[in-house]
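Beneath this line is the structure, given in structure tokens, with notes to follow.
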Amino acid sequence: QYKEYLALVGIRSEFDPMRFEKIIVKFRPYLKDFLSMLSNKYEIYTYTHGTKEYATGIIQYVNQEMVKETLSVDRLIARENGIIESKTIKKVFPTTENMVIILDDRAAVWTENDDNLINCFPYTFFNEDINTNNQIKYPVKECDNALYSIMNVLNYVHKEFYRYYDEKKEIRSVKEIIKEKMHSIFNGMSFVCSGIFNKNEDFTNTLINFKIQKMGGMLYKELEDKENIDCLLIPEYKKTKKVCFFEKNNKTILYASYIDYCYKLFVKLNYEDFIMSDKRQRIEYIDENDIMNKNKETIDTFYSSPPVQN
């Protein structure tokens, strides 16, 4: 039923060069457009903890499906001899990192180069693994817009990098450009949570705090920690003390998934689909394509707006 989405690709075995293993490959939505754009503006390196044999097979298949070759086995850094090391830009570019952008769905493996990282959401197509008869079960969805959003970010970084160079004849670090744009998403907004953390939990080490700070916001644990907090985040509808306070003062209450979608789409989204309501206890499902369509003008304006002049 879903064979038009998939391909069987032969991968040379890591342990037996004469043996090939077949794996199922699913392209993430917008991948071809994404790679075409990248290849015209960036030099692409593939850095993976997967084996060299696996990565080579995938690169060859991707190139086969593209109008022109976009990935290169000569620019591949992969696991060899079963050894997994921490990822670092120095392994690829030992002398500078000011012109290097990292795209990865795992931030934790880039401890040395956090400022170079654009952290994207993982893409999972199946609800369940493929069974022993190679029968495919239940795709999750086909509406995933992460690569479309990242194209906006990378186009912006490329434009700003060369604008700055043309004006000042100096190289501005891509780290500064990424950080500045990401911080402008929330631009100093303040948040407080209800029902998300345990009472004694250190919220400063949580993923939601990491995302909010990356987007230029601040998260507080209690209402008393800051005057006039902008927004309350909740996992589900409950009449807590904080909820009652925000309702009484006619202030914004959002389901916490709002932060995830802003982070995934790299923009401050409109509130309408995330506003708390006693008519829905929690958000079970959001149509991402619908969110993109409703926020198209917001996204286009954000990424076409003039950069901050330094």
Side-chain angles (χ1 to χ4, degrees), residues 1-11 22-51 54-73 75-78 87 101-110 116-130 136-158 178 182 211 257 260-267 269 285-293 295-296 299 303:
Q1 184 180 358
Y2 298 99
K3 61 184 179 181
E4 67 271 21
Y5 295 120
L6 310 165
L8 278 173
V9 178
I11 302 295
K22 287 186 176 181
I23 64 167
I24 289 181
V25 173
K26 166 69 180 70
F27 278 6
R28 191 169 194 159
Y30 296 102
L31 178 67
K32 291 183 179 181
D33 293 336
F34 178 74
L35 290 177
S36 294
M37 182 280 290
L38 274 186
S39 65
N40 289 325
K41 296 184 176 181
Y42 292 88
E43 190 173 77
I44 308 172
Y45 286 74
T46 305
Y47 195 156
T48 176
H49 275 162
T51 66
Y54 170 81
T56 298
I58 296 298
I59 287 173
Q60 291 172 342
Y61 174 70
V62 170
N63 285 335
Q64 171 188 315
E65 295 297 306
M66 299 292 294
V67 174
K68 67 174 185 177
E69 187 173 294
T70 57
L71 303 176
S72 172
V73 175
R75 293 197 294 269
L76 167 64
I77 302 91
K87 291 182 176 180
I101 300 172
I102 303 164
L103 177 62
D104 203 318
D105 62 4
R106 294 184 60 206
V109 299
W110 291 100
N116 298 77
L117 176 68
I118 296 175
N119 181 214
C120 67
F121 268 54
Y123 178 58
T124 306
F125 185 62
F126 299 105
N127 278 326
E128 299 183 36
D129 291 333
I130 296 165
I136 298 161
K137 298 184 179 181
Y138 318 118
V140 174
K141 58 180 180 177
E142 186 56 10
C143 59
D144 178 275
N145 297 281
L147 293 185
Y148 177 86
S149 302
I150 294 167
M151 278 194 283
N152 287 327
V153 179
L154 294 177
N155 273 321
Y156 175 86
V157 172
H158 185 272
I178 293 170
M182 287 295 292
K211 291 175 180 178
S257 56
D260 290 332
Y261 279 90
C262 289
Y263 192 76
K264 182 174 185 179
L265 301 177
F266 300 102
V267 72
L269 298 168
Y285 170 76
I286 289 182
D287 186 327
E288 196 174 299
N289 286 334
D290 186 47
I291 294 292
M292 287 289 290
N293 290 332
N295 288 272
K296 187 178 187 307
I299 294 167
Y303 283 102

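Here CZ of F121 is found 9.0 Å from CD of E288. Values are rounded to the nearest 0.5 Å. Taken from CG in D104 to NZ in K87, the straight-line distance is 4.0 Å, to the nearest 0.5 Å. For the atom pair CG (N63) and CD1 (I59), the distance works out to 7.5 Å, reported to the nearest 0.5 Å. In this structure, OG1 in T51 is found 12.5 Å from NE2 in H49, a value given to the nearest 0.5 Å. Taking OH of Y261 as the reference point, atom CD1 of I291 lies at 7.5 Å (rounded to 0.5 Å). In this structure, K68 NZ and N40 CG are separated by 4.5 Å, a value rounded to the nearest 0.5 Å.
Side-chain contact check for N295 versus V267: every heavy-atom pair is 4.5 Å or farther apart. In this structure the side chain of Y54 never reaches within 4.5 angstrom of the side chain of T48, judged on heavy atoms. No side-chain heavy atom of K41 sits under 4.5 Å from any side-chain heavy atom of L154. Looking only at side-chain heavy atoms (C-beta outward), I299 and M292 come within less than 4.5 Å of each other. Residues Y30 and R28 fail the side-chain proximity criterion, which asks for heavy atoms closer than 4.5 Å. Two residues are said to be in side-chain contact when any heavy atoms from C-beta on lie closer than 4.5 Å; D33 and L147 fail this criterion. No side-chain heavy atom of N152 sits less than 4.5 Å from a side-chain heavy atom of L265. Counting only heavy atoms from C-beta outward, the side chains of V67 and S36 never approach each other to under 4.5 Å.
Listed here is the closest heavy atom pair of A78 and G50: CB-O, 3.5 Å. Nearest heavy-atom pair across S39 and I44 is N-CD1, 4.0 Å.
Between Y61 and F27, the distance from one ring center to the other falls under 6.0 angstrom.
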- Task: For side-chain contact (heavy atoms from CB on, under 4.5 Å), just list the numbers for D144 and K264, CA-CA rounded to whole Å, side-chain angles, deciding distance to a tenth of an Å, and then say yes or no.
- Result: CA-CA 10 Å; D144 178 275; K264 182 174 185 179; 3.1 Å; yes
- Message: Does V62 form a side-chain contact (heavy atoms from CB on, under 4.5 Å) with V25? I'd like the steps, not just the answer.
- Response: CA-CA 10 Å; V62 170; V25 173; over 6 Å; no
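Of the residues listed (N155, I150, T70), the one engaging M37 in a side-chain contact (heavy atoms from CB on, under 4.5 Å) is N155, and it is the only one.
Within a 6.0 Å radius of CZ in R106, no more than 12 heavy atoms belonging to other residues, nucleotides or ligands are found.
Counting only distance, with no hydrogens or angles, the side chain of S257 and the backbone of D260 share no donor-acceptor pair below 3.5 Å. Not one N or O on the side chain of N116 forms a donor-acceptor pair closer than 3.5 Å with the backbone of I102.
Taking the six-membered ring where tryptophan is involved, the planes of Y303 and Y156 are perpendicular, since the angle between them exceeds 60° and thus also 30°.
The closest side-chain donor-acceptor pair between Y263 and N119 falls under 3.5 angstrom.
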